[in-house]
Amino acid sequence: MAVRSGLWPALLGIVLAAWLRGSGAQQSATVANPVPGSNPDLLPHFLVEPEDVYIVKNKPVLLACKASPATQIFFKCNGEWVRQVDHVTERSTDGSSGLPSMEVRINVSRQQVEKVFGLEEFWCQCVAWSSSGTTKSQKAYIRIAYLRKNFEQEPLAKEVSLEQGIVLPCRPPEGIPPAEVEWLRNEDLVDPSMDPNVYITREHSLVVRQARLADTANYTCVAKNIVARRRSASAAVIVYVNGGWSTWTEWSVCSASCGRGWQKRSRSCTNPAPLNGGAFCEGQNVQKTACATLCPVDGSWSPWSKWSACGLDCTHWRSRECSDPAPRNGGEECQGADLDTRNCTSDLCVHTASGPEDVALYVGLIAVAVCLLLLLLVLILVYCRKKEGLDSDVADSSILTSGFQPVSIKPSKADSPHLLTIQPDLSTTTTTYQGSLCPRQDGPSPKFQLTNGHLLSPLGSGRHTLHHSSPTSDAEDFVSRLSTQNYFRSLPRGTSNMAYGTFNFLGGRLMIPNTGISLLIPPDAIPRGKIYEIYLTLHKPEDVRLPLAGCQTLLSPIVSCGPPGVLLTRPVILTMDHCGEPSPESWSLRLKKQSCEGSWEDVLHLGEEAPSHLYYCQLEAGACYVFTEQLGRFALVGEALSVAAAKRLKLLLFAPVACTSLEYNIRVYCLHDTHDALKEVVQMEKQLGGQLIQEPRVLHFKDSYHNLRLSIHDVPSSLWKSKLLVSYQEIPFYHIWNGTQQYLHCTFTLERVSPSTSDLACKVWVWQVEGDGQSFNVNFNITKDTRFAELLVLESEGGVPALVGPSAFKIPFLIRQKIITSLDPPCSRGADWRTLAQKLHLDSHLSFFASKPSPTAMILNLWEARHFPNGNLSQLAAAVAGLGQPDAGLFTVSEAEC
């Protein structure tokens, strides 16, 4: 045993020398070097070999190997032996073979690896010894793991049509070990195994075979390894759908029931409807064609035949036929009987003396005639008593002449146009009523006096109180009373867009300042003995849902007057602006009214109204005058019949009054050319501290589906810098055309090079693609130039929105009555209301005027609505004088009549 023990060191030295000689040829595979003459079965074999590993951050890695049978195990890294003290050794015996085994572990730090970084890869290998020889393990490579931050290629946003393919490339950041890539759709993992429509290529690109609407999302490429997880910038993918036309509808019924007319058919861009910015359908959605309808001919009676001979029953007869002409094409049959029979006297008819029955019949007929005569006399007496004064309960008889200066009767020249000689003196006796007149039961006296003006009270001998209060408190009280009713809960609670007043049979006027909206209540429109509290309200489009179909667009503000359901004996006139360019060939205009249930109905088709209709409209270039006997909520809606249909847009340029920073904003507004839209923007800019920097312009915006573009040019680069990143800004067509979006504008932001820069010169262009355009030449000093500020000064909101009685009208009451009395009866020489309508250019409405009890009153009411408060009475007097009435003194008032 001693001899054998002495041989171990010599044997170990021989083995080490042999291993050193062969170490240069060893690679990563396990290699055995047996001792000559030894038993190969006792060579060490590795139970555990070191494996490739990565160093994460600064954490050292552990390498381990285990061999049996083994007497010694050492690590060698990059050709150098690891010190023995760095080894952790555990010895044991293999339970199955009984041979000794050994396990060794070492730690490798980041600093060790970095020493050889760039020269070669860092590796380590185990060497195990036994009595039979040595065995080398495989090489384990130790690498420092990392993942760079920046992607070599990131996915980009895309817009693709439906069913088109999508490819989103992604090249992850460089890293060790190489990064794995996955995709997120709206932060949810994309799993190709669950969705066969998508797959990920070897180059990590995400491919969608056929785009679906559900594929519209934000896509993110994610790269990760054992070190970190990196996210690319998200790429927005929008799958859009181009619009497609539906099939044409059937042709409508011919618009003319007799003669030539037109009929139309329509289609909608709903097959499919454009989505996610897809293109709208090209072409027109309405087609028109001419049509002709056979005119119906009403039947008419032929002349009566001769009377027949007298018959035995003392009667004879005559007949006629419905043949002159006979009815055709749906015409009406003749009205009346075709046979007429009468008593006759002849030799064959002998009349006997009347019996008692005939005497009783005659007495009864005489009694009935006497009763009818007495009833007629009573009616005449009642009428005469009512005509003794304007009313039985006039509080002050000067109501008809208050505000008018009496004049003496002087003969006037025949060619004098100043026939209306009484002018209102608004500074002396007329007053404006702002309170409310309503019945009360708490007054101590059955009478009341009006010391500040004249109002006719139709309340009889009851008790009355005239309330005076501030407009604000009255408005709040009025709105609170209205809000208790279901129909009025949608009324605006402010007072800037609302007017109200209390009216009787004398009539009056409501106006919403600076909006072009008013309501004229003519005399006798309210029944005598009635008092109505009437309101007028302007609604914002976003507060009232007005459904529009097809090519329809809102052309006017939405206006309410009420309360609905009140009894009116004459039409009132609602005045409101519109922004359409009226043309029968381009527009189909309709007046819509909202019912108490909330639905909107077409109550009037302009150009097709019947004279006896409840509604009528006088349409002018910038305003419409609606005659109505029913109060409610109204709006004017137009439907384009061709691409020539156009709306007027008002273009306004605003900028800050004071500029305290280097940035300077120019806001370009594109509004409906109506007073109410202008008022809203001016008030908003006043709150923002803005001022007008150019005169407003008008642009005609056509129904061509083309957007509105805005751009700024010729900005001096030495003084200013534009922050606009694109060549122009754009407002979509439908945002403008539907008419329900307010305050449409674009902002151009400029930056001064120096705080001392104050002069600005540039050009702002606004144009519709393939349509009308406007150019603004801006040239002003931003610190002191206010030359355009006075162009949009609004009237004082403290003005009186309600005028009651004669002060609401330009024509004095008594002169109005004389004109009506003189011109209503037909005149053979043509000097009647028809000629007056022609002189005032209202002859296109003769059929409507003729359908009313007083055509002249309708003409004068329309004149009042169109010309208040700046109407020229001299021009009206000249028109009346030109009628050739024989008594010109009919249109003057004497002191005795006042």
- Trace of the side chain to side chain contact (heavy atoms under 4.5 Å, CB included) decision for Leu750 with Ile712: CA-CA 10 Å; Leu750 305 177; Ile712 189 167; 4.1 Å; yes

- Of all heavy-atom pairs linking Val239 and Asn276, the shortest is O-ND2, 2.8 Å

- Message: Between Phe733 and Phe280 (judged by ring centroids, cut-off 6.0 Å), do the two rings come close enough to count as a pair?
- Response: no

- Message: Does Val108 form a side chain to side chain contact (heavy atoms under 4.5 Å, CB included) with Val113? I'd like the steps, not just the answer.
- Response: CA-CA 8 Å; Val108 179; Val113 177; 3.9 Å; yes

- Partner residues of Gln164 under the side-chain hydrogen bond (donor to acceptor under 3.5 Å, both in side chains) criterion, sequence neighbours left out: Ser161

- Task: Report the C-alpha separation of Arg143 and Ile55 in whole Å, then their side-chain angles, then the decisive distance to 0.1 Å, and conclude whether the side chain to side chain contact (heavy atoms under 4.5 Å, CB included) test is met.
- Result: CA-CA 6 Å; Arg143 301 177 178 90; Ile55 296 178; over 6 Å; no

- salt bridge (Lys or Arg N to Asp or Glu O under 4.0 Å) between Arg667 and Glu685, intermediate numbers included: CA-CA 10 Å; Arg667 293 180 290 275; Glu685 279 293 331; 2.8 Å; yes

- Kindly assign one of parallel, tilted or perpendicular to the pair Trp767 and Tyr728, based on the angle between their ring planes and the thresholds 30° and 60°. perpendicular

- Query: Does the side chain of Ser234 pick up a donor-acceptor pair with the side chain of Thr220 at under 3.5 Å?
  - Reply: yes

- Item | Contact list for residues 722-731, test salt bridge (Lys or Arg N to Asp or Glu O under 4.0 Å), sequence neighbours left out | Glu663-Lys723, Arg709-Glu730, Lys723-Glu751

- Using a distance-only test with no angle check, is there a side-chain donor-acceptor pair under 3.5 angstrom linking Ser268 and Ser246? yes

- Item | Residue pair Val48 / Ala64: nearest heavy atoms and the distance that separates them | CG1-O, 3.9 Å

- Note on the structure: Note: Val61 and Tyr54 closest approach over all heavy atoms is CG1-O, 3.5 Å

- Message: Please confirm whether the ring centroid of Tyr669 lies under 6.0 Å from the ring centroid of Phe654.
- Response: yes

- Task: Taking all heavy atoms of Ala233 and all of Pro155, pick out the closest pair and write down the distance.
- Result: O-CG, 4.0 Å

- For Phe701 and His706, the nearest pair of non-hydrogen atoms, with its separation, is CZ-O, 3.6 Å

- Query: Once the angle between the rings of Trp129 and Phe74 is folded into 0 to 90°, is it parallel (under 30°), tilted (30 to 60°) or perpendicular (over 60°)?
  - Reply: perpendicular

- Indicate whether the side chain of Asn665 and that of Thr747 have a donor and an acceptor atom separated by less than 3.5 Å. no

- Item | Any side-chain donor near an acceptor of the partner, Glu770 and Ser704, under 3.5 Å | no

- Message: Between Arg110 and Lys57 (side chain of the first, backbone of the second, donor and acceptor by atom type, cut-off under 3.5 Å), is there such a pair?
- Response: yes

- Task: Report the C-alpha distance between Cys670 and Leu651 in whole Å, list the side-chain angles of each, state the deciding distance to 0.1 Å, and finish with yes or no for side chain to side chain contact (heavy atoms under 4.5 Å, CB included).
- Result: CA-CA 5 Å; Cys670 305; Leu651 306 179; 3.9 Å; yes

- Closest non-hydrogen atoms of Gln691 and Phe780, given as atom of the first, atom of the second and distance, are NE2-CE1, 4.4 Å

